[in-house]
Amino acid sequence: MTERDNEKWLVAFPAFFFLLLSFWSFNYFELNSKHFRIKNELQFWKTITYRTDDILEIVMQSNGKAPDNLTLILKDFTSLTYAAAALRNRNWRALQTALEKQSITVRNTII
């Protein structure tokens, strides 16, 4: 390996590591009358689906400098947290309104 190859690895490895770390935080949410879906912008093939009937409560919370989170509390009291770094306040408000229209309790500490 030449010195130039070492320099390439010094640049490529941190960039690849940062990309892997950021995969978890780029979630977004879809809601229809029967299902609540969690999708990831970078892992576009990954979809997690919950029936809206199984949802007891949703907590939207801000974590300071960390990405905002959505905690899903199911009727069996299972708690699941998903980070959503790319959502803006208007997206959170729209999601909250849509969830409340379906009689799902929402606690919002983001906005």
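Computed from a prediction, not measured in an experiment: that's the story for all the values here.
Side-chain atoms of S33 and Q102 form no donor-acceptor pair, as typed in the model, at a separation below 3.5 Å.
In this structure, R37 and N32 have side chains that are in contact, with non-hydrogen atoms separated by less than 4.5 Å. In this structure the side chain of N63 never reaches within 4.5 angstrom of the side chain of D68, judged on heavy atoms. Between L72 and I55 the shortest side-chain heavy-atom distance falls below 4.5 Å. Here the side chains of N89 and I110 are in contact, with some heavy-atom distance below 4.5 Å. No side-chain heavy atom of F29 sits under 4.5 Å from any side-chain heavy atom of L31. Looking at heavy atoms from C-beta onward, K46 lies out of side-chain contact with K39 at the 4.5 angstrom threshold.
Note: L95 CG to R90 CZ = 14.0 Å, rounded to the nearest 0.5 Å. In this structure, I58 CD1 and N108 CG are separated by 11.0 Å, a value rounded to the nearest 0.5 Å. Interatomic distance, R107 CZ to M60 CE, rounded to the nearest 0.5 Å: 12.0 Å.
With F36 as the fixed residue, the side chain to side chain contact (heavy atoms under 4.5 Å, CB included) test singles out one of T49, L99, I48: L99. Of the residues V59, N27, T109, T81, the one that meets the side chain to side chain contact (heavy atoms under 4.5 Å, CB included) test with N69 is T81.
Residues L70 and L80 fall within the same hydrophobic cluster, defined by Ile, Leu, Val, Met, Phe, Trp and Tyr side chains chained together at heavy-atom separations under 4.5 Å. No chain of hydrophobic side-chain contacts below 4.5 Å, direct or via other Ile, Leu, Val, Met, Phe, Trp or Tyr residues, connects Y82 to I73.
Within the 3.5 Å criterion, the main-chain N or O of L74 finds no donor-acceptor partner in the side chain of T78.
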Practice task
Check the pair R51, H35 against side-chain contact (heavy atoms from CB on, under 4.5 Å), reporting the backbone distance first and the verdict last.
Solution key: CA-CA 4 Å; R51 291 177 3 153; H35 296 99; 4.2 Å; yes
